[in-house]
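Below is one structure, written out as structure tokens; the observations come after it.
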2 protein chains.
Amino acid sequence: MSDDAEIIADRLAQDLRSGQFTAGSWLKQVDLQARYGVGRAPVRKALETLAGRRLIRYEKNRGYSVHPTDDDDTKQVLAIRVAIETGFSEALCLGASAEQITELQRLAEQFSQIVQSGPFDQLYETNLAFHRTLLRCSGNEPMVNLVDDLRLRTSPAPASQWLNRARIERSAAEHIKMVDALRVKDSAELAKLIRRHILQ
Amino acid sequence: MSDDAEIIADRLAQDLRSGQFTAGSWLKQVDLQARYGVGRAPVRKALETLAGRRLIRYEKNRGYSVHPTDDDDTKQVLAIRVAIETGFSEALCLGASAEQITELQRLAEQFSQIVQSGPFDQLYETNLAFHRTLLRCSGNEPMVNLVDDLRLRTSPAPASQWLNRARIERSAAEHIKMVDALRVKDSAELAKLIRRHILQ
DNA sequence: AAGTTTATAATTGGTACCAATTTTGTATCC
DNA sequence: GGATACAAAATTGGTACCAATTATAAACTT
């Protein structure tokens, strides 16, 4: 048996990301074990994992709950992301190999194509792949994982963000610009682009 | 009963920080429940909490283990801290109230005093209080908590770091300089000081 | 009728035990 | 003697049940 708890943690994180749970609601253990068809121990373990990563809240004797959307934590977590990702822009420029740049170019173009004609449910994944690949150029894997966690904390309901066509088209254009900045190793420009991209 | 698991998680984190466990070793659940005098459920929950925060490692069917010291993750996590803390230097200068600055001055002086004559086991705590207070000037509580976690990830055996007298004296001097930079709102200088302070 | 108290239900936290996996020690084979 | 196969012990993962706490509903008081 391949560790139910880890699987449940992943599925739960994914469901949280895609807004399957109403913000601020309680994640009751009995509901979750019914939803995912497992016992209570795996559910508890998964909940505790996500609480440790601060993807969900925990209150003693009350349980685990989804972050409220109106929480101003969102803005603050975005500010953290800006600090980290712009702080690493120099490392990104220095560390990016030719292969990584071409891969980024490919992902940026793929994103643009999906914007025009592709399945919208792949937008998020492609966008995620782009940013993961970009950050991985720094060679700092813990940072990549940390930003992944932060991303999950900021977008409890990302669906609404991907409906504005004008916005995602601008995102696509910014991706291209980022790759250009990375190619010519203009870390200041890259930092500026990243900041705008996150805070938009 | 006030949630054993949370207490155990705190104690375990503290013991990890103070180097009570040999790096890379396995944190066996039976040992821990004997050590802390609790059942297995609280131990498991505490372990999972810390694993979620990546303070310890987890391997399926093998358990939880202390991070190895030689791990180059240490350097990378330090790099993350530099990005975050320097990235917030402007926010620190903007957000610092007069009360916070005087409190920081007090903590910096207290640290200097302990260096000269005080109990060494308070050095770490005072240093921690100084940096927490400093970061809290940004008004970004999630960032303060995040850096707390990162700090626990970087110093698996901090004891050795606090034995070098010359070094902690320099730390004390740097604290004073940081408060000065904060007072005159020289964020560039503050950022430079923070970088040096972390990477020293 | 509104507020408070009390009783009931729902929910989480913990304990004890069993199953599955990994580790360790031992015997066997070459 | 060293490598391999196998058995025993140790360890983690999961299930079922009970205790403690919180939430909900009903009864009571004024």
Side-chain angles (χ1 to χ4, degrees), chain A residues 1-16 20-71 153 156, chain B residues 1-16 20-68 70-71 145 153 156:
Chain A
M1 204 177 289
S2 62
D3 203 0
D4 282 339
E6 218 161 340
I7 299 171
I8 301 307
D10 287 345
R11 292 183 61 185
L12 183 52
Q14 191 176 340
D15 287 347
L16 285 165
Q20 298 291 332
F21 301 96
T22 56
S25 65
W26 293 103
L27 295 165
K28 296 179 186 168
Q29 299 176 5
V30 280
D31 294 352
L32 295 179
Q33 61 179 320
R35 180 188 184 98
Y36 299 114
V38 294
R40 256 186 69 199
V43 166
R44 296 215 287 221
K45 190 173 174 184
L47 284 169
E48 197 52 43
T49 307
L50 300 189
R53 291 195 211 161
R54 303 184 206 277
L55 259 64
I56 55 180
R57 284 189 182 170
Y58 171 71
E59 266 181 86
K60 179 176 77 181
N61 284 325
R62 297 195 63 201
Y64 304 83
S65 60
V66 185
H67 278 115
T69 41
D70 63 336
D71 214 39
R153 284 170 69 178
Chain B
M1 204 176 287
S2 61
D3 203 1
D4 282 339
E6 218 161 339
I7 300 172
I8 300 308
D10 287 344
R11 293 183 60 185
L12 183 51
Q14 191 176 341
D15 286 348
L16 285 165
Q20 297 292 331
F21 300 97
T22 56
S25 66
W26 292 103
L27 295 165
K28 296 180 186 169
Q29 300 177 4
V30 280
D31 294 353
L32 295 180
Q33 62 179 318
R35 181 187 185 98
Y36 300 114
V38 294
R40 260 192 58 206
V43 166
R44 294 214 285 218
K45 189 173 174 184
L47 285 168
E48 197 53 41
T49 307
L50 300 190
R53 290 196 216 162
R54 302 183 206 277
L55 260 63
I56 55 180
R57 285 191 181 169
Y58 170 71
E59 266 181 87
K60 180 176 76 180
N61 284 324
R62 296 195 62 202
Y64 305 83
S65 60
V66 184
H67 278 115
D70 62 338
D71 214 36
N145 292 328
R153 284 171 69 180

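Below, each value reflects all heavy atoms present in this structure, side chains not excepted, and no hydrogens, waters or symmetry copies.
- Protein atom CG of D4(B) is 11 Å distant from nucleotide atom P of dT21(D), rounded to whole Å.
- R40(A) meets the salt bridge (charged side-chain N to carboxylate O under 4.0 Å, His left out) test with no other residue; sequence neighbours excluded.
- Taking CG from L55(A) and CG from L47(A), the interatomic distance works out to 11.5 Å, rounded to the nearest 0.5 Å.
- Here the C1' atom of nucleotide dG13(D) and the NZ atom of K60(B) are 12 Å apart, to the nearest Å.
- Proximity note for A5(A) (side chain, C-beta onward) versus dG14(C), dT21(C), dG14(D): the nearest is dG14(D).
- Judged by distance alone, the side chain of H67(A) and the main-chain N or O of R57(A) form no donor-acceptor pair under 3.5 Å.
- Using a 4.0 Å cut-off, some side-chain N or O of R62(A) falls inside it from OP1 or OP2 of dA23(D).
- Within residues 29-55 of chain B, the residues that have a heavy atom under 4.0 Å from DNA chain D are, in order of number, Q29(B), R40(B), R44(B).
- For the pair D3(A) CG and dA20(C) C1', the interatomic distance rounds to 12 Å; values are reported in whole Å.
- Atoms CG and CD, on L12(A) and Q20(A) in that order, are 11.0 Å from each other to the nearest 0.5 Å.
- Applying the side-chain hydrogen bond (donor to acceptor under 3.5 Å, both in side chains) criterion to Q33(B), with sequence neighbours excluded, gives no partner residue.
- Taking atom CD1 of residue I8(A) and atom P of nucleotide dG13(D), one finds them 15 Å apart after rounding to whole Å.
- Taking atom CG of residue L27(B) and atom C1' of nucleotide dA10(D), one finds them 16 Å apart after rounding to whole Å.
- Nucleotide dT11(D) holds its P atom 16 Å from the CD atom of E59(B), rounded to whole Å.
- Across the protein-nucleic acid pair, I7(A) atom CD1 and dG13(D) atom P stand 13 Å apart, rounded to whole Å.
- Taking atom NZ of K28(B) as the reference point, atom P of dT12(D) lies 7 Å away to the nearest angstrom.
- Taking OH from Y58(A) and CD from E48(A), the interatomic distance works out to 6.5 Å, rounded to the nearest 0.5 Å.
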